[in-house]
> 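One structure is given below, represented as structure tokens, and several questions about it will come after.
Along the sequence shown, residues are numbered consecutively beginning with 1.
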Amino acid sequence: MNIDNSERLKFRLMDVTDTQALWQIDQDPLVMKFLNGGTPSTKHEVNSVFMPRMQQYRNEALGWGIWQVLNKCNDEYLGWILIRPMAFFTNKPQLNDLEIGWRFFQHTWGNGFATEAAQAIQRAVVSVSVLSGTEVTHISALAVADNLASIAVMKKMGMRFVKSFRHTDPIGDWDAVHYQMSVSQ
């Protein structure tokens, strides 16, 4: 699956050869603040935890995975958008409700790149789901409750607050908020 360029951005589905790019963005403590308190990821963590997890949900045909976001004018790597079924790492993944998330370099914050990229990727993946018969009906996003910038992106996408809850995951537990939107097919 390919995603058409947006007004300012272009996209590429990342794979196991992108370890360096995934590690690079995690080196800024402010980027990592709401993920683990601000500790940069090590290359070992990216290789032994992050990449194997990505490989479990990556599905090129359906557009699931991590999409690198590049500036269309100069190919600058700005960040990435993740898309996968909600609750993927449980015994009941929700194939009709896709989780979307993002991580962008700090110097790109405040320019609307996360919203523009998330909307472009969401539209493309929902369109493919119609053709493939996977029937995506919702897009969801999770964030730490005080991550106001990510919550603002969720709201700009048209998502509404669903609930606050304790998110449990093999890589860490945290107090979270869940936002969601219906998608028309």
> I need the Ser41 OG to His44 NE2 distance, nearest 0.5 Å.
12.0 Å

> If we count only N and O atoms by modelled type, under 3.5 Å, do the side chains of Asp18 and Gln68 hold a donor and an acceptor together?
no

> Do Val125 and Met1 come within less than 4.5 Å of each other through their side chains, counting heavy atoms only?
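Of all side-chain heavy-atom pairs linking Met1 with Val125, at least one is under 4.5 Å.
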
> Kindly indicate whether a cation-pi arrangement holds for Arg160 with Tyr179, taking the cut-offs as under 6.0 Å to the six-membered ring centre and within 45° of the axis.
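Because its charged atom misses either the 6.0 Å distance or the 45° angle limit, Arg160 does not stack over Tyr179.
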
> Please walk me through it: do Asn96 and Glu135 pass side chain to side chain donor-acceptor pair (under 3.5 Å)?
CA-CA 6 Å; Asn96 66 334; Glu135 301 181 41; over 6 Å; no

> Is there a side-chain contact between His178 and Gln180, using heavy atoms and a 4.5 Å cut-off?
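When only atoms from C-beta onward are counted, Gln180 and His178 do touch, with a gap below 4.5 Å.
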
> Using every non-hydrogen atom in the two residues, find where Ala118 and Ile100 come nearest and quote the distance to one decimal.
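The answer is O-CD1, 3.5 Å.
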
> Kindly compute the distance separating OG1 (Thr19) from CE (Met14), expressed to the nearest 0.5 Å.
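Taking OG1 in Thr19 and CE in Met14, the distance rounds to 9.0 Å.
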
> Around atom NE2 of His107, are there more than 12 heavy atoms from other residues, nucleotides or ligands closer than 6.0 Å?
yes

> Minimum heavy-atom separation for Arg84 and Leu82, please, with both atom names.
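Residues Arg84 and Leu82, closest heavy atoms: NH1-CD1, 3.7 Å.
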
> Checking Gln20 against Lys43: is there a side-chain donor and acceptor pair closer than 3.5 Å?
yes

> Determine whether a donor-acceptor pair (N or O, by modelled atom type, separation under 3.5 Å) exists between the side chain of Thr108 and the backbone of Phe105.
yes

> Please determine whether side-chain contact (heavy atoms from CB on, under 4.5 Å) holds for the pair Leu13 and Ile66, giving the CA-CA distance in whole Å, both sets of side-chain angles, and the decisive distance to 0.1 Å.
CA-CA 6 Å; Leu13 189 60; Ile66 299 175; 5.8 Å; no

> Check whether any side-chain heavy atom of Met154 lies under 4.5 Å from a side-chain heavy atom of Met181, and answer yes or no.
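No, too far: nothing below the 4.5 Å cut-off.
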
> Going by distance alone, is a donor N or O of one side chain under 3.5 Å from an acceptor N or O of the other, for Trp102 and Ser150?
yes

> What closest approach, in Å, do Val183 and Gln122 show between heavy atoms, and which atom pair accounts for it?
CG1-NE2, 3.7 Å

> Kindly give the heavy-atom pair with the smallest separation between Pro40 and Gly38, and that separation in Å.
CD-O, 3.4 Å

> Any idea how Phe50 and Trp80 line up, ring-wise: parallel (<30°), tilted (30 to 60°), or perpendicular (>60°)?
tilted

> Check the pair Arg166, Asp175 against side-chain contact (heavy atoms from CB on, under 4.5 Å), reporting the backbone distance first and the verdict last.
CA-CA 5 Å; Arg166 182 72 178 165; Asp175 293 326; 3.3 Å; yes

> Roughly how far, to the nearest 0.5 Å, is NZ of Lys155 from CE of Met159?
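NZ of Lys155 is found 13.0 Å from CE of Met159.
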
> Checking His138 against Met86 for the side-chain contact (heavy atoms from CB on, under 4.5 Å) test, could you report, in this order, the C-alpha distance in whole Å, the side-chain angles of both residues, the deciding distance, and whether it holds?
CA-CA 10 Å; His138 293 85; Met86 278 293 287; over 6 Å; no

> Answer yes when Asp4 and Lys10 have at least one side-chain N-carboxylate O distance shorter than 4.0 Å, and no when they do not.
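Here Asp4 does not pair with Lys10 in a salt bridge, since their nearest N and O are not under 4.0 Å apart.
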
> Determine the minimum heavy-atom distance between Ile25 and Arg103, stating which atoms define it.
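Minimum heavy-atom separation between Ile25 and Arg103: CD1-O, 3.3 Å.
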
> Rounded to the nearest 0.5 Å, what's the gap from CZ on Phe88 to CG on Asp97? Could you check?
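Reported to 0.5 Å precision, the distance equals 14.0 Å.
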
> Any side-chain donor-acceptor pair under 3.5 Å between Glu99 and Ser140?
no

> Walk me through it: do Trp23 and Glu45 pass the test side-chain contact (heavy atoms from CB on, under 4.5 Å)?
CA-CA 9 Å; Trp23 171 82; Glu45 289 169 325; over 6 Å; no

> Output yes when a side-chain donor or acceptor of Tyr77 lies under 3.5 Å from a complementary backbone atom of Ala21, and no otherwise.
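Yes: the side chain of Tyr77 pairs with the backbone of Ala21.
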
> Given 3.5 Å as the limit, does a donor-acceptor pair link the side chain of Trp64 with the main chain of Pro85, or not?
no

> Quick check: do Leu70 and Phe11 have side-chain heavy atoms less than 4.5 Å from each other?
no

> How many angstroms lie between atom OG1 of Thr39 and atom CG of Asp26, to the nearest 0.5 angstrom?
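Taking OG1 in Thr39 and CG in Asp26, the distance rounds to 11.0 Å.
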
> For Leu30, is there any backbone N or O sitting under 3.5 Å from a side-chain donor or acceptor partner on Gln106?
no

> Do you know which two heavy atoms are closest between Ile81 and Ala114, and how far apart they sit?
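What the structure gives for the nearest pair is CD1-O, 4.0 Å.
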
> Can you tell me how far NZ of Lys92 sits from CG of Leu95, rounded to the nearest 0.5 angstrom?
13.5 Å

> In terms of heavy-atom contacts, does CG of Asn71 have more than 12 from other residues, nucleotides or ligands at under 6.0 Å?
yes

> Quick check against the 3.5 Å criterion: does Trp67 have a side-chain atom that pairs as donor or acceptor with the backbone of Ile121?
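Checking the backbone N and O of Ile121 against the side chain of Trp67, no donor-acceptor pair under 3.5 Å is found.
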
> With no hydrogens and no angle check, is any side-chain donor or acceptor of Ser127 less than 3.5 Å from a backbone partner on Arg123?
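Flag set: sc Ser127 to bb Arg123 pair under 3.5 Å.
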
> Distance-only, no hydrogens or angles: does the Asn147 side chain make a donor-acceptor pair with backbone N or O of Val144 under 3.5 Å?
no

> Can you tell if the side chain of Leu9 reaches within under 4.5 Å of the side chain of Lys72, non-hydrogen atoms only?
no

> Under a 4.5 Å side-chain heavy-atom rule over Ile, Leu, Val, Met, Phe, Trp and Tyr, are Val162 and Phe165 clustered together?
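As far as the 4.5 Å side-chain criterion goes, Phe165 and Val162 are not connected within one cluster.
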
> So does Phe113 get a backbone contact from the side chain of Glu116, meaning a donor-acceptor N/O pair under 3.5 Å?
no

